[in-house]
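To start, the structure under review is shown below, and the notes come after it.
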Amino acid sequence: LGCGTGACAAAAVARRSGRLAAREVRVASPGGVLRVLWDGGDRDPIRLAGPASVVFHGTWDAPR
């Protein structure tokens with residue numbers, strides 16, 4: 001339904017490639033609209049805000 005990591009990456013690539021000048025962008029996905037904020041520097045954090053919900057519950061048995 002959505003991927004916060006992918007939304008941040010898309011916004012960063014758009015900014016770095018010059019296709020986006022704004023430091024804040026809204027990324028629409030089927031799971032909702034995410035707000036990505038990034039100043040554009042190598043050491044600047046990328047901030048993400050938006051809805052979150054549990055989409056799966058499960059267990060995993062680690063190999064021994």
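Minimum heavy-atom separation, V27 to A7: CG1-CB, 3.9 Å. Minimum interatomic distance between G31 and P51 (heavy atoms only, all atoms of both residues): O-CG, 4.0 Å. The shortest non-hydrogen separation linking I46 to C8 is CG2-SG, 3.6 Å.
In the hydrophobic clustering, V33 connects to no other residue, as no ILVMFWY side-chain heavy atoms lie under 4.5 Å from its own.
When the salt bridge (Lys or Arg N to Asp or Glu O under 4.0 Å) test is applied to R23, the partners found at least two apart in sequence or on another chain are D39. Scanning for side-chain contact (heavy atoms from CB on, under 4.5 Å) contacts around L20 gives A14, A22, V25, with sequence neighbours left out. Every side-chain contact (heavy atoms from CB on, under 4.5 Å) that V54 has, sequence neighbours left out, goes to H57.
Pairs passing the salt bridge (charged side-chain N to carboxylate O under 4.0 Å, His left out) check and including a residue from residues 42-64, sequence neighbours excluded, read R16-D42.
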